[in-house]
Amino acid sequence: MWSRGWTSLHPIQEQAAAPILEGQRDVILAAPTAAGKTEAAFLPIVSHLARAGGLCVCVSPLKALINDQFRRLEGLGESADVRVTRWHGDVSRANKKRFLESPVGVLLITPESLEAQLVRRGPVVAGVVAGISHLVVDEFHAFIGSDRGKQLQSLMHRVDLLSGRRVPRIALSATLGDMSIAARYLRPTDAESVVVVQDESARQTIQLMLRGYVIKDPNNGLKPTHHNKSEAADRVAREIASRLFRTMRGSDNLIFANSRENVERYADLLRLSCEEARVPVEFFPHHGSLAKDLRQHAEAELKSDARPASVVATSTLEMGIDVGTVESIAQIGVPPSVASLRQRVGRSGRKGGSAVLRFHVPEAELDSGSRAPDRLRAQTVQSIAMVQLMLAGWVEPPDGESLNLSTLVQQLLSHVAQRGAVNAGEAWRLLCASGLFILQDQKVFARLLRRLGALGLLTQTSDGLLTLGEAGERLVDHYTFYAAFSTPRELQVIHAGKVLGTLPVRQAIVEGSAVIFGGRRWVVLKVDRETHAITVSPSKGARPPTFFGSGPMVHEVVRRRMREVYLSPDVPRFVDARATELLTEGRTFFREAQLSRELVIRDDSSSTWLTWAGDKAVNTLCVLLGQRGIEAFHGGVCIDVDVSPDQLLRVVQDLLMSAPPSPVALARPIRFKEIGKYDRFLTSELLCENFAAARFDIPGAWRELRALATMYG
DNA sequence: GACCTGCTGCGGATTG
């Protein structure tokens, strides 16, 4: 503190010191970026290590964050004679060896590297772990609710077991909504005892603007084709890009474009704008399929003070990778969630200034064939609803229903590898009776063990001990085992011997086709399916590549808030003239369709059902109707049903005659149920349960069925 | 109708 010239500590740093130094309590540190969270955790931890020795393990979701964190902590550690070590896939063997010779100080590590060490060096790691004083989790929100988060919970539990103590857990995050949910995720067995240190004082001010756009359909009311639609998208993209060029040139900004396809589209348009204006290119693309050096180039340009630079990104730049100060944030279209909107806002307005956030939201031009979501101006209204929820401090809670059984398989095999041989009852107690993974009873677990046995992954010795089978050895021995999530195979994009990045294998790429990639235009010279590589060379005209995905899940709270926006007469102050017109159009349609009291928009042969429920319940409704032979299409804010409202009502009443189906029964006829990496090893019973828990909300769907029957029955 | 993340140990060549 002295050497940095600090005269006082921030409030969270003062509040966190006592419970962390005490070394018994779990602590959640919730504060915006740059509020000094890292120091709040590590000043007391390093003080403790300097006095008492030992080891602090800090688990972080990104290699880049570990590198940033390492630079920040190195000096702090040196001044107290506490060594800081980073450990991830890019760290040299020599560094890792040096740590293992004397495993003390602060260790910054990824969950996958920790998993690898447990699998490969079980007995050694047991000794190392015994000396842990604190377990820190950086960017805790990034883990909550995912397979990777389940893996982390299991790793923390295994650390407790190995050390024979309750190792205090310290979680850092800027994006936690409900602290009781976060506490339960951090310490499932004793959430009440978690100390929450929250920075209430440093509330960020935000300058907001929502700009509306209308996509002019060049086809003028004729049947829209794929070509016309993309032409319309190009047209609005050009309009938005020219606005971005005018407002952002000459300063540092972040542009969130939601999809990789749009990142490429906007990066290309903005580069062309620079070239036309005969100024240096200062807009760069950034997404997960781009090669690391291209991404680092964009990050370096953003960070450098020498020239202005703006980066068009997907969620890659949401998290705390240090990119310096940016002037403003642009959000193109509806953000995928309130949580990610909050992360994005947090990237601007450091150093006490206010954050600047500009939405650019396109809507379709209406014609006689337009559907309800377009007429309701749902994109504009959803954006407004999400901003309001963000300002109210709400973020999506994790999906508590997820079973993550793929990760159960991984953790079971990993634990057996770590220990060499494990008693089946002990494995049940560690993974299931502890509450980590939810199975109905021990019989279901026994069936899973038999299935893994039949697949050669496990063998059971005569005295009841589980060991790895031949297939299990092979699986666990390969370095791809340690990650809890899976990644699809992709083609490498190569120019002049240099890898630019990757494209999905499924994409129809042929020799001679033109593609935008890395913000530049290319022609494909050669596609080599053997080596999974395509070779490209620079060219002129091209289209952005298509990636695949299933879309973000909209939470029920967002839909309910949208309904309130329709019912309210107020126009938020941050909405521009065009978006105000669009909001008014949406409200007019809402009123004329009498949606304040109707749930269905009537048509002779079809119905549009507006439930205002979350996507999980809506998807469940579609499956329920589909299994009754009714084609139901989920169109975002509504369900398009292929029968008249009267027929729909009859089917709904019929469904309500019997009890709701069991999740398993509803999932059984569905063909592709493998979501997680190791789902292929589950029993068909568990595969159905796992799929149903992840994808269905049966009580929610039943509530909507009842609402419809009550209103029209 | 979307995005993101991670990984070991070994053998052999090269460099200081």
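Convention: sequence-line order gives letters A, B, ...; per-chain numbering from 1.
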Could you check whether A:Arg158 and A:Gln411, counting side-chain N and O atoms only, form a donor-acceptor pair closer than 3.5 Å?
yes
Looking only at side-chain atoms of A:His287, point me to the closest of B:dA2, B:dG1, B:dC4.
B:dC4
Do the two ring centres, one from A:Trp609 and one from A:His634, sit under 6.0 Å apart?
no
Look at all strands and tell whether A:Val119 reaches a base, only sugar-phosphate, or nothing, counting heavy atoms closer than 4.0 Å.
nothing
Taking CZ from A:Phe140 and C1' from B:dT5, how many angstroms apart are they, rounded to a whole number?
16 Å
Residue pairs, two or more places apart or on separate chains, that pass salt bridge (charged side-chain N to carboxylate O under 4.0 Å, His left out) and touch residues 544-558 of chain A
A:Glu556-A:Arg560, A:Glu556-A:Arg703
CD1 of A:Ile332 versus P of B:dC3: gap in Å, rounded?
14 Å
Can you check each nucleotide of nucleotides 6-16 of chain B against protein heavy atoms at under 4.0 Å and return B for base, S for sugar-phosphate only, - for none, in 5' to 3' order?
BBBSBB-----
The salt bridge (Lys or Arg N to Asp or Glu O under 4.0 Å) partners of A:Arg260 (sequence neighbours excluded) come to none
For A:Arg98, the salt bridge (Lys or Arg N to Asp or Glu O under 4.0 Å) test, sequence neighbours excluded, returns none
Without hydrogens or angle criteria, can the side chains of A:Glu261 and A:Thr546 be said to hold a donor-acceptor pair below 3.5 Å?
no
Can you measure A:Arg260 atom CZ to B:dT5 atom C1' for me and round it to whole angstrom units?
13 Å
Interatomic distance, A:Asn262 CG vs B:dA2 P [rounded to whole Å]:
9 Å
Output field: ring centroids A:Phe696/A:Phe691 closer than 6.0 Å:
yes
A:Arg344 atom CZ is separated from B:dC4 atom P, nearest whole Å, by 10 Å
Roughly, in whole Å, what's the span from CZ in A:Arg295 to P in B:dC4?
7 Å
In chain order, what residues pass the salt bridge (Lys or Arg N to Asp or Glu O under 4.0 Å) check against A:Asp679, with sequence neighbours excluded?
none
In residues 370-382 of chain A, which residues come under 4.0 Å of DNA chain B by heavy atom?
none
